[in-house]
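Protein chains get the first letters and strands the later ones, always in sequence-line order, with residue 1 at the start of each. We use all heavy atoms of the structure for the numbers below, so side chains are in, but hydrogens, waters and symmetry mates are not.
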Amino acid sequence: MASGSGSGSLMWFRKGLRIHDNPALERAAQSTKFLYPVFIIDPHYMEPDPNAFSPGSTRAGLNRIRFLLQSLADLDLNLRKLGSRLLVLKGEPSQVLFRCLKEWDVKKLCFEYDTEPYYQALDIKVKDHASIAGIEVFSPVSHTLFNPADIIQKNGGRPPLSYQSFVKLAGQPSWASSPLSVTISSLPPVGDVGGCEISEVPTIKELGYGDIEQDEFSPFRGGESEALKRLKESIDNKEWVAAFEKPKGDPSAFLKPATTTLSPYLKFGCLSSRYFYQCLQDVYRNVKRHTSPPVSLVGQLLWRDFFYTVAFGTPNFDQMTGNRICKQIPWNDNNELLVAWRDAKTGYPWIDAVMTQLHKWGWMHHLARHSVACFLTRGDLFVHWEKGRDVFERLLIDSDWAINNGNWLWLSCSSFFYQYNRIYSPISFGKKYDPNGDYIKHFLPILKDMPKEYIYEPWTAPLSVQTKAKCIIGKDYPKPVVPHDSASKESRRKMAEAYSLNQKLNGKVSEEDLKKLRRKLEEDSEDTKQEVKTKRMRQKLIC
DNA sequence: GTTGCGTTGGCTTG
DNA sequence: CAAGCCAACGCAAC
């Protein structure tokens with residue numbers, strides 16, 4: 001049943017779901033009689049999990065699964081325009097791949113290099129197998145602007161830990177400025193697929209997600225075509241590109257978000273970061289003045305590369321324990337607080353609106369992410385950043401292993417950033433941008449009739465106002481899970497204690513040390529409670 | 001050891 | 001609306 005031609009080449013798509021500027025695809029298409037473009041659906045990633053806290057599989061929320069399927073459908077369409085098609089297979093990726101390589105007598109295997117631990121492990125297996133079977137492998141770095149390994153080598157074997165030092169090491173981005181991969185005008189035909197079970201790109205329904213109800217759908221449509229359309233819309237506005245300053249963006253803007261919203265397309269590689277980079281450079285050349293990193297749009301691409309580089313060079317990057325660059329902090333394990341945060345029931349409308357946007361859209365503005373991440377960890381709830389990371393990883397369409405973990409380390413003051421006194425207020429931070437609370441009213445319609453004087457703190461509204469707004473606090477909308485003033489004060493104190501322990505032990509904090517510190521912190525807080533009690537009693541006596 | 005800097009806090013004051 | 005204060009961190013350069 002095998003094709004028997006012996007001149008097949010296989011393009012294995014994972015990320016990099018695009019035709020444009022795709023070095024692996026370009027090489028796969030060169031001097032071969034047959035080209036097999038393959039995507040493997042891993043049931044572990046895609047199968048519905050009824051026990052998950054939101055619709056989706058065990059690991060991915062439905063919005064991201066939908067985005068991926070749309071991206072695959074678009075890739076298939078674009079491949080067909082070039083005389084090819086996407087071959088979709090199901091199963092454990094390496095098993096499926098090895099079967100295909102054998103069945104189709106593949107002589108050349110091409111896939112984009114991937115720095116994530118999951119692919120690092122998988123790809124070693126694949127490369128070993130290919131080398132034994134005498135199959136040529138081509139696995140270029142084309143997901144990022146730089147090769148993280150190069151940067152780390154330049155820095156003497158360790159990744160740079162500040163943005164500025166990263167930019168310095170990166171210097172002139174030679175690869176980023178190099179010519180794009182040639183535009184492909186046609187592809188070799190797909191050969192006989194033999195006994196391998198090929199399917200079309202499945203629909204959400206075919207994966208078993210039939211009866212999902214959703215009142216508001218994510219405004220993002222997956223795929224390279226959509227990515228290029230959005231890119232063009234962004235860069236056509238030259239003044240906007242030239243003046244872009246990330247921290248000045250409005251996190252509450254949802255009708256017209258303050259950023260390019262290209263992150264999901266970069267995540268899946270529907271858009272080449274190198275192509276994006278060169279489009280931005282084109283704009284910069286044609287305007288009098290433009291902003292610079294870290295705040296400019298090019299700066300944002302460099303942030304992406306920064307986190308990829310640190311993540312690649314740091315063992316156990318995605319956890320606190322065993323992570324060289326991560327402060328050891330006695331986070332709590334309070335599931336109730338975590339669930340309140342996760343399910344948009346903290347009683348702080350700004351926080352809950354942001355979390356609702358996360359559930360519905362799978363995307364929110366960078367600063368909105370900051371404020372909810374700070375609130376969950378070092379700001380108010382003191383819940384472990386890994387718990388928040390898991391929620392983001394599942395629900396974000398653009399969730400990216402390196403960037404997501406990097407930002408949680410950042411916001412929890414576990415690494416990169418250490419000014420734990422700077423806490424985002426769950427009340428005033430949003431108010432600053434959106435004093436009328438339009439963002440809150442959109443994502444939390446229960447509060448749509450709450451007067452703007454109370455919309456950020458509805459529990460302070462007189463009962464008559466609550467009644468008139470048809471929203472009784474504690475019944476229709478929750479009371480605050482914690483009082484921000486005292487909770488944030490307490491968090492500051494815990495951070496100070498944890499930092500001094502880290503300093504004392506030179507970062508070598510054991511689990512036992514953390515346990516001790518937790519006990520000490522609890523005792524201290526008992527003391528405070530006792531003091532308050534005593535004071536009250538004294539006052540009573542005086543009265 | 002000292003100094004300067006670090007993607008983007010909140011609050012009060014002039 | 002900008003500046004200064006809060007209270008003060010780690011890290012790198014010197």
| field | Contacting residues from residues 273-284 of chain A, given that a heavy atom lies under 4.0 angstrom of DNA chain B | value | none
| field | From CA spacing to verdict: salt bridge (charged side-chain N to carboxylate O under 4.0 Å, His left out), A:Asp282, A:Arg285 | value | CA-CA 5 Å; A:Asp282 265 348; A:Arg285 272 193 289 274; 2.7 Å; yes
| query | Atom CZ of A:Arg378 to atom C1' of C:dA8: distance rounded to whole Å? | reply | 14 Å
| message | What is the distance, to the nearest angstrom, from the CZ atom on A:Phe417 to the P atom on B:dG9? | response | 6 Å
| request: Using distance alone, with no hydrogens and no angle criterion, decide if A:Asn421 and A:Arg492 have a side-chain donor and acceptor under 3.5 Å apart. | output: yes
| For A:Tyr499 and A:Ser162, take the nucleotide of DNA chain C holding the closest heavy atom to each; which residue's nucleotide lies nearer the 5' end? | A:Tyr499
| request: Check every atom of C:dG10, B:dG10, B:dT7 against the side chain of A:Ser428 and return the nucleotide holding the closest atom. | output: B:dG10
| query | Between C:dA7 and B:dT13, how far is it from one P atom to the other, in whole Å? | reply | 15 Å
| remark: Base-pair string, DNA chain B, Watson-Crick plus G-U, cut-off 3.5 Å on both distances, | for inter-strand, is ||||||..||||||
| field | Donor on one side chain, acceptor on other, A:Ser414 and A:Ser412, under 3.5 Å | value | yes
| Options C:dG10, B:dT7, B:dG10, nucleotide nearest the side-chain atoms of A:Tyr418 | C:dG10
| query | Would you say the side-chain atoms of A:Arg389 and A:Asn404 include a donor-acceptor pair closer than 3.5 Å? | reply | no
| query | Among the nucleotides C:dC11, B:dT7, B:dG10, which one has an atom lying closest to any side-chain atom of A:Lys432? | reply | B:dG10
| request: Before giving the answer on side-chain contact (heavy atoms from CB on, under 4.5 Å), spell out for A:Asn323 and A:Leu409 the whole-Å C-alpha distance, their side-chain angles and the decisive distance to 0.1 Å. | output: CA-CA 11 Å; A:Asn323 182 347; A:Leu409 284 164; 4.2 Å; yes
| message | Could you tell me how far C:dA2 sits from B:dT7 if I compare only their P atoms? Round to whole Å. | response | 22 Å
| message | Please pick, from B:dT7, B:dG6, B:dG10, the nucleotide with the shortest atom-to-atom distance to any side-chain atom of A:Gln419. | response | B:dG6
| task | Return the orientation label for the A:Trp350 and A:Tyr439 ring planes: parallel under 30°, perpendicular over 60°, tilted otherwise. | result | tilted
| Relative to each other, are the rings of A:Phe382 and A:Trp331 parallel, tilted or perpendicular (30° and 60° limits)? | tilted
| Does A:Lys360 make a cation-pi contact with A:Phe443, if we ask for NZ or CZ under 6.0 Å from the ring centre and within 45° of the axis? | no
| task | Could you state the atom-to-atom distance from CE of A:Met495 to C1' of C:dA8 in whole Å? | result | 13 Å
| task | Could you walk me through whether A:Lys267 and A:Asp398 pass salt bridge (charged side-chain N to carboxylate O under 4.0 Å, His left out), step by step? | result | CA-CA 6 Å; A:Lys267 180 244 152 77; A:Asp398 61 21; over 6 Å; no
| Within this structure, what is the CG-to-P distance between A:Leu161 and C:dA12, rounded to whole angstrom? | 6 Å
| task | Just call it for A:Glu245: base, sugar-phosphate, or nothing, with non-hydrogen atoms closer than 4.0 Å on any strand. | result | nothing
| A:Lys431 NZ - B:dG9 P separation (whole Å) | 19 Å
| said: Tell me if the centroids of the rings in A:Tyr499 and A:Tyr420 come within less than 6.0 Å of each other. | reply: yes
| query | Whole Å only: how far is the CH2 atom of A:Trp410 from the P atom of C:dG10? | reply | 16 Å
| query | Which one, B:dG10, C:dA8, B:dT7, comes nearest to the side chain of A:Ser425? | reply | B:dG10
| Out of C:dA8, C:dG10, B:dG9, whichever nucleotide has its closest atom nearest the side chain of A:Phe429 | B:dG9
| task | Report the distance from atom OH of A:Tyr163 to atom P of C:dG10, rounded to the nearest whole Å. | result | 25 Å
| request: Assign the ring pair A:His484 / A:Tyr348 to parallel, tilted or perpendicular, where the plane angle (0 to 90°) is split at 30° and 60°. | output: perpendicular
| message | Counting only side-chain heavy atoms from C-beta out, which of C:dG10, B:dG9, C:dC9 sits nearest to A:Gln503? | response | C:dG10
| said: Side chain of A:Tyr424 only, heavy atoms from C-beta on: which candidate in B:dG10, C:dG10, B:dT7 is closest? | reply: B:dG10
| query | Between A:Asp352 and A:Thr346, does any side-chain donor sit less than 3.5 Å from a side-chain acceptor? | reply | yes
| Euclidean distance, atom OH of residue A:Tyr433 to atom P of C:dC1 [Å, nearest integer] | 14 Å
| message | Between C:dA12 and C:dA8, how far apart are the two P atoms, rounded to whole Å? | response | 23 Å
| remark: Here the residues of residues 291-307 of chain A within 4.0 Å heavy-atom distance, strictly under, of DNA chain B are A:Pro294, A:Trp303
| query | After noting the C-alpha distance and the side-chain angles of A:Glu497 and A:Lys520, does the key distance pass the salt bridge (charged side-chain N to carboxylate O under 4.0 Å, His left out) rule? | reply | CA-CA 10 Å; A:Glu497 292 270 3; A:Lys520 180 173 182 289; 3.1 Å; yes
